[in-house]
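Residues take their numbers from the sequence shown, with the count starting at 1. The structure presented is a predicted model; accordingly, all values stated were derived computationally and were not measured.
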Amino acid sequence: MAAVTGHLDDEAPLSFRRAVEALRSARVRPEVRIEETAAPRRLAPYAYALEATVMSGGEELADGRLVLLHEPGGHDSWNGEFRLVTLARAELEPEMAGDPLLPEVSWSWLTGALAARGAGYHDPSGTVSRASSHHFGGLADRPDDTQIEIRASWTPSSPDDAAGHVAAWCDLLCACAGLPPSDGPEAGTRGGASGVLPLPKRRS
């Protein structure tokens, strides 16, 4: 194991090491490729990060990053000792990009996934952004495209339930990718992530 702001060894707090082990124990959908990555060094004394890509038919549909932060003794703005921070992004199909409810629906993908996985949390915050690109000149032959980006953070009710938070995060990425909800037997589930509001599916 490797902590990002220091070393995840016997000197790291036991609660942090247990939370990291819980994160690493999560089983996720087969479309999700997940691995450890370097985490930011200045957000908290201890941090651990994962990155994931959603693949289907050899195509990358969405990607994201999840960071677990730990502040021994607690952090005032978190109302706790742990915080999960995520970035999720995907390119959207035209019918999805033009939906006026896209920001609200996208946020519901996160909150609905956390609820469906039984991952307790509080003090959530975040933004949903959509950026469109129109091509001109030598790039005029390229079709217009729109990307969604969800940045969010929340305080887990119990870091020991971190596997459920990872599963919910992967559900968020799959929703961004346009994949249908999964009712598979992944660890940490308490039912599928069917409590989210759908937009048109990109993949059947």
Side-chain angles (χ1 to χ4, degrees), residues 1-6 8 12 15-55 60-71 75 77-78 80-90 106-129 147-177 179 181-182 186-190 193 196:
M1 280 182 250
V4 177
T5 51
L8 188 52
S15 58
F16 178 66
R17 287 185 277 131
R18 287 173 55 184
V20 170
E21 287 297 337
L23 283 176
R24 300 171 85 181
S25 72
R27 289 183 290 170
V28 299
R29 292 177 58 164
E31 299 93 340
V32 180
R33 308 288 190 268
I34 190 167
E35 60 184 17
E36 298 173 350
T37 188
R41 294 181 174 272
R42 298 179 181 177
L43 298 180
Y46 299 94
Y48 177 82
L50 297 169
E51 61 182 8
T53 303
V54 180
M55 304 289 297
E60 181 178 319
L61 303 180
D63 64 81
R65 193 183 198 198
L66 183 71
V67 182
L68 174 69
L69 304 175
H70 177 49
E71 179 78 45
H75 192 292
S77 64
W78 303 349
E81 294 188 347
F82 289 86
R83 190 75 171 173
L84 284 161
V85 181
T86 188
L87 164 68
R89 57 192 177 191
S106 301
W107 186 254
S108 82
W109 290 339
L110 173 60
T111 58
L114 288 167
R117 295 290 181 170
Y121 69 98
H122 56 87
D123 292 273
S125 63
T127 60
V128 177
S129 305
Q147 186 178 78
I148 185 174
E149 183 177 275
I150 302 171
R151 294 179 179 270
S153 65
W154 63 94
T155 299
S157 298
S158 171
D160 292 337
D161 294 334
H165 291 268
V166 173
W169 171 61
C170 290
D171 288 339
L172 167 66
L173 293 176
C174 289
C176 290
L179 297 178
S182 170
E186 300 94 347
T189 65
R190 296 184 185 178
V196 301

**Request:** Write down the atom of C176, the atom of W109, and the distance for their closest heavy-atom approach.
**Result:** CA-CZ3, 3.7 Å
**Message:** A side-chain contact here means heavy atoms from C-beta on lying under 4.5 Å apart; do C170 and I34 qualify?
**Reply:** yes
**Message:** As an exercise, state the distance from CG of L173 to CG of L87, rounded to the nearest 0.5 Å.
**Reply:** 9.0 Å
**Prompt:** To the nearest 0.5 Å, what is the distance between CH2 (W169) and SG (C174)?
**Reply:** 10.5 Å
**Non-neighbouring partners of S125 that pass side-chain contact (heavy atoms from CB on, under 4.5 Å), sequence neighbours left out** = R83, S153
**Asked** Within a strict 4.5 Å, meaning less than it, do heavy atoms of the L179 and R29 side chains meet?
**Response** yes
**Message:** What I'd like to find out is whether the side chain of D63 reaches to under 4.5 Å of the side chain of E51, using heavy atoms alone.
**Reply:** no
**Fill in**
Sequence neighbours excluded, the answer for side-chain hydrogen bond (donor to acceptor under 3.5 Å, both in side chains) partners of E81 is none
**Partners meeting ring-ring contact (aromatic ring centres under 6.0 Å, His included) with W107 (sequence neighbours left out)** = none
**Item:** side-chain hydrogen bond (donor to acceptor under 3.5 Å, both in side chains) partners for T53, two or more places apart
**Value:** none
**Prompt:** Could you state the interatomic distance from CD (E149) to CD (Q147), rounded to the nearest 0.5 Å?
**Reply:** 6.5 Å
**Message:** Nearest 0.5 Å, please: how far is OG in S157 from NE2 in H165?
**Reply:** 6.5 Å
**Message:** Please give me the minimum heavy-atom distance between A163 and A26, naming the atom from each residue.
**Reply:** O-CB, 3.7 Å
**Asked** Just by distance, do the side chain of R17 and the backbone of A12 share a donor-acceptor pair under 3.5 Å?
**Response** yes
**Prompt:** Between A22 and S25, which heavy-atom pair has the shortest distance, and what is it?
**Reply:** O-OG, 2.7 Å
**Sub-4.5 Å side-chain heavy-atom contact between L69 and W78** = yes
**Message:** Could you tell me if the side chain of H70 sits less than 4.5 Å from the side chain of S15, heavy atoms only?
**Reply:** yes
**Request:** Specify the closest pair of heavy atoms between A47 and P40, including all atoms of both residues, with the distance to one decimal.
**Result:** CB-O, 3.8 Å
**Fill in**
Distance col, row L172:CG vs I150:CD1, nearest 0.5 angstrom, shows 4.5 Å
**Request:** Rounded to the nearest 0.5 Å, what's the gap from OH on Y121 to CG on D161? Could you check?
**Result:** 14.5 Å
**Item:** Sequence-distant partners of R65, side-chain hydrogen bond (donor to acceptor under 3.5 Å, both in side chains), two or more places apart
**Value:** none
**Asked** Has the side chain of T155 got a donor or acceptor atom that lies under 3.5 Å from a matching backbone atom of D123?
**Response** no
**Asked** Under 30°, 30 to 60°, or over 60°: which ring-plane class applies to F16 and Y46, parallel, tilted or perpendicular?
**Response** tilted
**Residues which pass side-chain contact (heavy atoms from CB on, under 4.5 Å) with R33, listed by chain and number, not counting sequence neighbours** = M55
**Item:** Within-4.5 Å side-chain heavy-atom neighbours: E71 and P45
**Value:** yes
